Enquirer: 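Right, I'll just put the structure down here and ask away after.
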Amino acid sequence: MHDIINYTEEEMDFSVGQIASLLHGEVVGDEKTKVNNLSKIEEGKPGCLSFLANEKYTHFVYTTEASAILVRRDFTPEHEVKAALIKVDDPYSCIALLLNMIDQMRPKKGGTDKECHISGSADVSAAAYIGAFAYIGEHVSVGENTRIYPQAYLGDNVKVGKNCIIYPGVKIYRDCVIGNNVIIHAGAVIGADGFGFAPQNGSYMKIAQIGNVVIEDNVEIGANTTVDRATMGSTRVKHGTKLDNLIQVAHNVEVGANTVIAAQAGIAGSAKVGDNCMIGGQVGIAGHISIGNRVNIGAQSGIPNHVAENSNILGTPAIPIKDFARQVVLLKRLPELNETVKRLQKEIERITDKLNE
């Protein structure tokens, strides 16, 4: 084992001109203005670089104390602006690029803490970081530049690729496979038993879950999210997918590539979610169904049946978003419609009485 490497973080300090050059932008104002931090436009302070990506925040351009602001190329001020403007194609993408650069500049943990446990049969790269009280089981492999933070648990036969970040308290059960460039946030559990029980004489017999979980490259998994191991075979999260916090992915589920799922969603056993889907918070997906590619599902929707690709759905049970919007409009008018029906009923009764006379 070797000692942990300690760093000191250096402050960001760039001119507006340097940032504009990096982002292929155009400066309106003083190119020599210095910035050393990033901020939201409504919280801007001297020395900060902010951005305008949503038109409803435009009024802050004229009041912010930020020293520089990223704006779209077609932005034309209606009043005097104190800050230097950097005109770019997409301010939001540019600020994301800068945030990533700052993150890369931060010191990286290295070495192996003396208080961790690494099994003798484990293969841990010398370029990996293993934090205090982390547990590395038998026949585990950990790739180059991967960081295993304190109190993480890697069970026997777990494989973790290169450039991964396993944050504190993550638990990865036996036999699971984690690809390259994967980030798993604190408290997530990968490979717990799937929810499998067989009714038997008024009770339930546990069904052994002998499969595993495979997390492919470039996946990010949020805090306290759980991905259950398969009964047989693999529960799989494909490359590029991003899972928010507090999501449940059940046994034998397959989540397609480059799909994003917001917090508190739940996917029941053996469901298949396609590629490039966008799933809102608190969505519930029933077991043994298929969600096609490029499907957008609104928050709090319930999905009991198969969904065709390229669908945009919302509600419980989920229906096309346009139909849902019409229903919402009609629901708001229900009291009015109810009164109309009552008046019509009285009119019909009046006409019926006259006819009978």
Side-chain angles (χ1 to χ4, degrees), residues 9-108 165 181 183 185 218-220 222-223 240-245 257-263 275-281 294 296-299 310 312 314 321-322 325:
E9 188 171 357
E10 295 182 358
E11 186 179 19
M12 181 183 80
D13 192 2
F14 299 104
S15 72
V16 167
Q18 288 174 315
I19 294 172
S21 177
L22 173 68
L23 302 176
H24 306 289
E26 171 192 353
V27 177
V28 178
D30 186 0
E31 292 189 354
K32 296 180 181 179
T33 300
K34 293 288 187 178
V35 294
N36 55 29
N37 207 342
L38 302 177
S39 72
K40 295 187 290 185
I41 193 167
E42 65 271 29
E43 299 175 358
K45 296 179 181 179
C48 288
L49 170 67
S50 190
F51 69 103
L52 176 65
N54 189 322
E55 289 184 357
K56 71 179 183 179
Y57 293 95
T58 300
H59 62 283
F60 287 114
V61 171
Y62 311 109
T63 60
T64 185
E65 294 296 319
S67 297
I69 309 170
L70 291 169
V71 297
R72 292 191 179 277
R73 291 192 190 276
D74 59 0
F75 177 75
T76 302
E78 297 178 355
H79 310 289
E80 181 182 356
V81 179
K82 293 186 294 184
L85 301 181
I86 303 175
K87 293 190 172 186
V88 294
D89 293 331
D90 183 359
Y92 193 72
S93 295
C94 287
I95 206 73
L97 174 63
L98 292 174
L99 286 168
N100 288 335
M101 289 180 59
I102 292 171
D103 187 60
Q104 291 300 315
M105 291 168 61
R106 288 178 175 170
K108 301 295 188 294
I165 303 175
N181 308 306
I183 299 173
H185 287 277
N218 302 305
V219 168
E220 183 159 352
T241 283
K242 315 299 180 188
L243 304 182
D244 198 358
N245 304 330
N258 299 311
T259 284
V260 291
I261 305 179
D275 300 340
N276 300 296
C277 293
M278 298 180 69
I279 298 175
R294 299 175 299 279
N296 295 331
I297 303 176
N310 299 312
N312 295 300
L314 179 64
I321 286 178
K322 289 183 178 179

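Bear in mind that the values here come from a model prediction, so they are computed numbers and not experimental data. The figures that follow rest on heavy atoms only: side chains count, while hydrogens, waters and symmetry mates do not.
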Enquirer: Does either side chain, that of N36 or that of D13, offer a donor lying less than 3.5 Å from an acceptor on the other one?
Expert: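 Checked: N36/D13 side chains show no N/O donor-acceptor pair below 3.5 Å.
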
Enquirer: Considering non-hydrogen atoms only, spot the tightest contact between G44 and S39 and give its length.
Expert: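 So the two residues come closest at CA-OG, 3.3 Å.
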
Enquirer: Kindly determine whether T58 and F75 satisfy side-chain contact (heavy atoms from CB on, under 4.5 Å), including the steps that lead there.
Expert: CA-CA 10 Å; T58 300; F75 177 75; 4.0 Å; yes

Enquirer: Using every non-hydrogen atom in the two residues, find where N218 and K242 come nearest and quote the distance to one decimal.
Expert: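 Minimum heavy-atom contact is O-NZ, 2.7 Å.
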
Enquirer: What I'd like to find out is whether the side chain of K34 reaches to under 4.5 Å of the side chain of V16, using heavy atoms alone.
Expert: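 Side-chain contact under 4.5 Å: no.
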
Enquirer: Taking all non-hydrogen atoms of both residues into account, name the closest pair between C94 and L23 and its distance.
Expert: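 That closest heavy-atom pairing would be CB-CD1, 3.9 Å.
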
Enquirer: Heavy-atom count check: over 12 atoms from other residues, nucleotides or ligands less than 6.0 Å from Y62 OH?
Expert: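 Correct, the count exceeds 12.
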
Enquirer: Between CG of N312 and CE of M278, what distance do you get to the nearest 0.5 Å?
Expert: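 Going from the CG atom of N312 to the CE atom of M278 covers 10.0 Å.
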
Enquirer: Please lay out, stage by stage, how N258 and D275 fare under the test side chain to side chain donor-acceptor pair (under 3.5 Å).
Expert: CA-CA 6 Å; N258 299 311; D275 300 340; over 6 Å; no

Enquirer: Distance alone, cut at 3.5 Å: any donor-acceptor contact between the side chains of R294 and N310?
Expert: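 Their side chains do contain a donor-acceptor pair, which is all the 3.5 Å distance test asks for.
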
Enquirer: Hey, does V61 have a side-chain heavy atom less than 4.5 Å from the side chain of I69?
Expert: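 Contact flag for I69/V61 side chains = yes.
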
Enquirer: Quick check: closest heavy atoms across T259 and N276, and the distance to 0.1 Å?
Expert: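 Scanning both residues, the minimum pair turns out to be OG1-N, 3.3 Å.
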
Enquirer: Could R73 and D89 be called an ion pair, given the rule that one side-chain N must be under 4.0 Å from one carboxylate O?
Expert: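 Yes, R73 and D89 are salt-bridged.
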
Enquirer: State, with a plain yes or no, whether a side-chain heavy atom of E26 is found less than 4.5 Å away from one of I86.
Expert: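 Answer no - side chains too far apart.
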
Enquirer: Measuring only between side-chain heavy atoms, which start at C-beta, is C48 closer than 4.5 Å to N37?
Expert: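 With C-beta onward as the side chain, the pair touches.
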
Enquirer: Given the rule in the side-chain contact (heavy atoms from CB on, under 4.5 Å) test, do L99 and L38 qualify, once you have shown the distances and angles that lead to the verdict?
Expert: CA-CA 8 Å; L99 286 168; L38 302 177; 3.5 Å; yes

Enquirer: Would you mind reporting whether L98 and I19 have side-chain heavy atoms less than 4.5 Å apart?
Expert: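 The answer is yes, as the side chains (C-beta and beyond) meet within the 4.5 Å cut-off.
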
Enquirer: Measure the shortest side-chain to side-chain distance between L49 and L70 over non-hydrogen atoms and say whether it is less than 4.5 angstrom.
Expert: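 Of all side-chain heavy-atom pairs linking L70 with L49, at least one is under 4.5 Å.
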
